[in-house]
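What follows is a short report on a single structure.
Given the structure is predicted, the values throughout are model-derived calculations rather than measurements.
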Amino acid sequence: MEQWIIRPEVPGDYAPVEALTRRAFWNLYTPGCYEHYLVHIMRRHPDFLPELAFVAELRGEIVGSILYTRAKLTDEQGEEREILTFGPISVAPEYQRQGIGKALMEHSFAKAREMGYDAVVIFGAPANYVGRGFRSCRRYNVTAEGGIFPAAMLVKELRPGTLDGRRWVYAGSSVMELDMEAAAAYTAGLEPWEEKVLPSQEEFYILSHSVLSES
């Protein structure tokens, strides 16, 4: 099997990465998707970290992408810690389950450690991420706003022992708070694709609305 390469994203990759993201997420979590619009606007946001934007390339074609933004944790005394979140992480459908996503994560984790970051918090299906060292937010006493432990909120320490058991509240970048009307209008200007209802969307709904108990 031919091996891809991982390299930093450059401006000439922006349109291909957006197109890749749309292909990777179309009809996965909802009929259609909005992740490509997030990619479209993310790079102009102050929380975007271009140093942690990487692509996987095979024979000159971009087949994978990972993008990061700043996030923060706040403890009960108001102390803040800047951390990371990534997403979207996208792999072309025909190349999924071949290790590209894993390679993008591990490559970017190494760079993030070099930059001095200690932790990453994401929202995703645990089966996709526990093999990369992510654990339930409940394990690290990290909550969402309102003191809940979402089942889909996962935490990885880039440096073991960084999170010391204190109660932390997670806050992601405001870029994630999408204007859905703007996202729909942007998508309406693209090549029309069929929107479908698929079983994966119900799985996503169940996971994204599930929380863990305190005990």
Please lay out, stage by stage, how Gln98 and Leu58 fare under the test side-chain contact (heavy atoms from CB on, under 4.5 Å).
CA-CA 13 Å; Gln98 296 182 28; Leu58 178 64; over 6 Å; no

Hey, could you give me the [atom1]/[atom2] distance between [X] and [Y], rounded to the nearest 0.5 Å?
| X | Y | atom1 | atom2 | result |
| --- | --- | --- | --- | --- |
| Ile66 | Ile89 | CD1 | CD1 | 4.0 Å |
| Ile62 | Tyr14 | CD1 | OH | 11.5 Å |
| Ile148 | Glu214 | CD1 | CD | 10.5 Å |
| Glu157 | Asp164 | CD | CG | 9.0 Å |
| Glu57 | Asp13 | CD | CG | 7.5 Å |

Please check if [X] and [Y] belong to a single hydrophobic cluster, counting links between Ile, Leu, Val, Met, Phe, Trp and Tyr side chain heavy atoms closer than 4.5 Å.
| X | Y | result |
| --- | --- | --- |
| Met42 | Tyr68 | no |
| Val91 | Val17 | no |
| Val39 | Met176 | yes |
| Tyr186 | Val175 | yes |
| Tyr140 | Ile83 | yes |

For residues [X] and [Y], determine if any side-chain heavy atom of one lies less than 4.5 Å from a side-chain heavy atom of the other.
| X | Y | value |
| --- | --- | --- |
| Glu76 | Arg166 | no |
| Pro93 | Arg23 | yes |
| His36 | Leu190 | yes |
| Ser108 | Phe86 | no |
| Phe109 | Met105 | yes |
| His209 | Tyr205 | yes |
| Leu73 | Tyr170 | yes |

Quick check: does any side chain N or O of [X] sit under 3.5 Å from a backbone N or O of [Y], one acting as donor and the other as acceptor?
| X | Y | value |
| --- | --- | --- |
| Arg81 | Trp168 | no |
| Asp75 | Glu79 | yes |
| Ser200 | Leu28 | yes |
| Gln201 | Asn27 | yes |
| His107 | Ala103 | no |
| Glu80 | Lys72 | no |
| Asn141 | Gly165 | yes |
| Arg7 | Val55 | no |

Shortest non-hydrogen separation from [X] to [Y] and the atoms involved:
| X | Y | answer |
| --- | --- | --- |
| Ala56 | Leu104 | N-CD2, 3.9 Å |
| Gly172 | Ala71 | CA-CB, 4.1 Å |
| Leu49 | Leu84 | CD1-CD2, 3.3 Å |
| Cys137 | Pro150 | SG-O, 3.6 Å |
| Tyr34 | Met180 | CD2-CE, 3.9 Å |
| Leu20 | Ala92 | CD1-N, 3.4 Å |

Apply side-chain contact (heavy atoms from CB on, under 4.5 Å) to the pair Arg138 and Met153, showing each step before the final yes or no.
CA-CA 9 Å; Arg138 181 70 185 85; Met153 191 162 82; over 6 Å; no

Please work out whether the ring planes of Phe134 and Tyr129 are parallel, tilted or perpendicular, with thresholds of 30° and 60°.
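Phe134 and Tyr129: perpendicular rings.
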
Give me the ring orientation class for Trp26 and Trp193: parallel if the planes are under 30° apart, tilted from 30 to 60°, perpendicular past 60°.
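Rings of Trp26 and Trp193: perpendicular, over 60°.
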
Give a yes or no on whether Glu94 atom CD has more than 12 heavy-atom contacts from other residues, nucleotides or ligands under 6.0 Å away.
yes

For Thr21 and His40, which I'm curious about, is there any donor-acceptor pair between the side chains at under 3.5 Å?
no

Walk me through it: do Ser173 and His45 pass the test side-chain contact (heavy atoms from CB on, under 4.5 Å)?
CA-CA 9 Å; Ser173 171; His45 195 278; 3.4 Å; yes

SB check [X] [Y] (cutoff 4.0 Å):
| X | Y | result |
| --- | --- | --- |
| Glu82 | Arg70 | yes |
| Lys111 | Glu51 | no |
| Glu106 | Arg132 | yes |
| Arg22 | Glu191 | no |

Passing candidate, side-chain contact (heavy atoms from CB on, under 4.5 Å) with Val142, options Val155, Val169, Leu154:
Val155

Take Leu67 and Glu9 through the side-chain contact (heavy atoms from CB on, under 4.5 Å) test and state the conclusion after the steps.
CA-CA 9 Å; Leu67 302 171; Glu9 182 187 75; 3.8 Å; yes

